[in-house]
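Working notes, structure below.
Fair warning: this is a prediction, and the values are worked out from it, not measured in the lab. Throughout, protein chains are lettered first and strands after them, A, B, ... in sequence-line order, and every chain is numbered starting at 1.
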Protein chains: 2
Amino acid sequence: MLSGIPEQCCTLDISGSEQQSLIAMFRALGNPIRFEILKFLITHPGCITGNIVDHFPIAQATVSQHLKVLRDAGWIEGETRGPATCYCLDKEKFAWFKRKIGEIF
Amino acid sequence: MLSGIPEQCCTLDISGSEQQSLIAMFRALGNPIRFEILKFLITHPGCITGNIVDHFPIAQATVSQHLKVLRDAGWIEGETRGPATCYCLDKEKFAWFKRKIGEIF
DNA sequence: CTTTATTATCGTAAATATACGATATAACCG
DNA sequence: CGGTTATATCGTATATTTACGATAATAAAG
């Protein structure tokens, strides 16, 4: 016996590009190494890529790739400082993330 | 010229199994279809698997697989109701998620 | 301009995720 | 028990992610 789809009770204030952005943030932090890298960046402000490479048992190319995923998702910002790149949490984007999570669910 | 790793400025209140659980929640919502399924479950309380199958253009087996990922991650709970399974948001786990996000970052 | 230091990107192999049809399982009805 | 309905699981093909070494790009120093 097939019952119909239950009535919609409410709407969620998310769709389109905002939803895509949110999903990308979820996806980026859904990896143990990227999660650890973000933790490391938050607890060690002023870090450059090399510091992360020294601290994790993975190749430099892999670290750089993970940093790109975190940056593309909006979790971190990179600032060129001489030949190095200094990464830090993107506080505005993170505030947006928390706000959206609070709003939609 | 190698500079040392910057001093640790703080700690983040997450590690071990709690961190693993959080990462699993991020990973589960980092997929567009699972995100939509969660939205659908929230806006249509009392849904069974078949309602979701009817609403999305993917096979029943795939829906069931996605529901398992969401359930294993803790986003949803499934209650057997006759031959069907009724899914809904796990409010306690979601509250825990929001609390942790607020605490650690 | 050449060298050195640092990071990003390319190409690719291995692991994981995603999707599907087919089949198994579970609950209910008669 | 046998049939029906609804869902979960299995096996497997394809797509994506992850990791690495090698190489390119960028900035500063000499």
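- No donor-acceptor distance shorter than 3.5 angstrom exists from the side chain of Arg34(A) to the backbone of His66(A), with no hydrogens or angles considered.
- Around CD of Glu7(B), the count of heavy atoms belonging to other residues, nucleotides or ligands within 6.0 Å does not exceed 12.
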What protein N or O atoms touch nucleotides 20-27 of chain D N or O atoms at under 3.5 angstrom, if any, and at what distances?
| from | atom 1 | to | atom 2 | distance (Å) |
| --- | --- | --- | --- | --- |
| dC20(D) | OP2 | Ala59(A) | N | 2.8 |
| dC20(D) | OP2 | Thr62(A) | OG1 | 3.0 |

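- Following rounding to the nearest Å, Ile48(B) (CD1) and dA27(C) (P) show an atom-to-atom distance of 16 Å.
- At whole-Å resolution of the value, CD1 in Ile23(B) and P in dT17(D) are 18 Å apart.
- The distance from atom NZ of Lys68(A) to atom C1' of dT18(D) is 15 Å, rounded to the nearest whole Å.
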**Asked** Can you list the steps and then say if Lys39(B) with Ser15(A) is a side chain to side chain donor-acceptor pair (under 3.5 Å)?
**Response** CA-CA 10 Å; Lys39(B) 278 176 69 175; Ser15(A) 65; 5.8 Å; no
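- Summarising the geometry, the separation between CZ on Arg27(B) and C1' on dT16(D) is reported as 12 Å, rounded to the nearest angstrom.
- With dA19(C), dA17(C), dA8(D) as the choices, the nucleotide that has an atom nearest any side-chain atom of His66(B) turns out to be dA19(C).
- Between the P atom of dA6(D) and the CD atom of Glu79(B) lies a distance of 17 Å, rounded to the nearest Å.
- dT9(D) atom C1' lies 12 Å from atom CZ of Arg71(B), rounded to whole Å.
- Ring centers of Phe26(A) and Phe97(A): under 6.0 Å apart, within the cut-off.
- For the pair Asn31(B) CG and dT16(D) C1', the interatomic distance rounds to 11 Å; values are reported in whole Å.
- Contact check on Lys100(A) versus Glu18(A) returns a salt bridge, with a Lys/Arg side-chain nitrogen under 4.0 Å from an Asp/Glu carboxylate oxygen.
- Within a 6.0 Å radius of NZ in Lys68(B), other residues, nucleotides and ligands contribute 12 heavy atoms or fewer.
- When the P atom of dT7(C) is taken as reference, atom CG of Asn51(A) falls 8 Å away, rounded to whole Å.
- Residue Tyr87(B) places none of its side-chain N or O atoms closer than 4.0 Å to OP1 or OP2 of dA6(D).
- In this structure a side-chain-to-backbone donor-acceptor pair under 3.5 Å is present from Asn51(B) to Ile48(B).
- Note on Thr49(B): only backbone sugar-phosphate atoms sit closer than 4.0 angstrom, heavy atoms only; bases stay farther off.
- Residue Ser64(B) places its side chain closer to dT9(D) than to any other of dA19(C), dT9(D), dT16(C).
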